[in-house]
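Here the structure is laid out as structure tokens; the discussion comes afterwards.
Ligands are counted one by one from 1 in listed order, and the atoms in each one are counted from 1 as well. Computed from heavy atoms alone, side chains included, the values below leave out hydrogens, waters and symmetry copies. Model, not experiment: these values are computed from the prediction.
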Amino acid sequence: MTDNPIGIFDSGFGGLTVAREVLDQLPHEAVLYMGDTARAPYGPRPIAEVRQYALECLDRLVEHGVKALVIACNSASAAMLADARERYDVPVIEVIRPAVRRAMAVTHTGRVGVISTVATHQSRAYIDAFAAAPPYVQVFSQPCPRFVEFVEAGITSGPEVIAAAREYLAPLQDADIDALILGCTHYPLLTQALSYVLGDQVNLVSSAAATAAELFRVLTDADDLRSMDLPAPTHQFLTTGDPHGFTPLARRFLGPEVEHVGRAYVGRPGE
Ligand code: DGL
């Protein structure tokens, strides 16, 4: 399996922030990315629907022979945290537990904030993932529905974003958090705006970096890393929507490596 690509799945473009970290931390690995752009965003959808869509996409990646699966979408991870590992023979890495472990490592006061989509917030997946934490740890979850819209529109700074950040983050500031999990794939693109509002005393935890580090650990433990002697890897990108529309925004999230973009078909015809 060593030469097979790593399958990375997201509802759309945001998982490319995770893919970026994977390319940086595992530069010899090939990536097969799949974004369910035709049915995104997942954030406002009921959790059962998110689960069904995500399973269809993950099944498709497994059919392509990937050696590991990364569920790069927080909403999808929240919807299937319990059962994705039982369904597939390859290792499954999701974004929630790696981010929680990282937040536990950086918090001094034990007061941790989580910002996310509505689906992730309502699933309580982050709260549950902190269940084994010591009693002094307190978690404060805040949905930020407009952040995804801003990022997809290319608005990552300016008065509108800062005003929204002030509004969403106020309850977390009142709770006196010292660590904040960016519990949505799009939020790393808002890092500067979030830091501006929160100040340096709050550590921002990106699930992208923590997830890529977890993937590195899993592949190293399994002795399943691609050989450095092989030619440079080729990355492939699949979208359930229009491949031509995918490329420009995908390059903004990931960079120039987005070259080979194809169409994936999932769900019933017309869906
Ligand atoms: N990828 C989603 C997440 O991380 C954000 C975009 C969406 O709502 O589909 O929750």
Quiz item: Should the pair E259-R251 be classified as a salt bridge under the 4.0 Å nitrogen-to-oxygen rule?
Solution: no

Quiz item: Under a 4.0 Å N-O cut-off, is there an ion pair linking E214 with R97?
Solution: no

Self-check item: Validation row, ring centre F13 to ring centre H186 under 6.0 Å
Solution: no

Every pair of nitrogen or oxygen atoms between ligand 1 and the protein that is under 3.5 angstrom apart - can you list them with their distances to 0.1 Å?
residue  : atom   : partner : partner atom : Å
ligand 1 : 1 (N)  : D10     : OD1          : 2.8
ligand 1 : 1 (N)  : S11     : OG           : 3.2
ligand 1 : 1 (N)  : T185    : OG1          : 2.9
ligand 1 : 4 (O)  : N74     : N            : 3.0
ligand 1 : 4 (O)  : N74     : ND2          : 3.4
ligand 1 : 4 (O)  : T185    : N            : 3.0
ligand 1 : 4 (O)  : T185    : OG1          : 3.2
ligand 1 : 8 (O)  : Y42     : N            : 3.4
ligand 1 : 8 (O)  : G43     : N            : 2.8
ligand 1 : 9 (O)  : S11     : OG           : 2.6
ligand 1 : 9 (O)  : Y42     : N            : 2.7
ligand 1 : 10 (O) : S75     : N            : 3.1
ligand 1 : 10 (O) : S75     : OG           : 2.7

Practice problem: Determine, for E56 against R51, whether the closest basic-nitrogen to carboxylate-oxygen distance falls under 4.0 angstrom. | Solution: no

Practice problem: Decide if the gap between the ring center of F9 and the ring center of Y33 is smaller than 6.0 angstrom. | Solution: no

Quiz item: Is R263 salt-bridged to D242, going by a charged N under 4.0 Å from an acidic O?
Solution: no

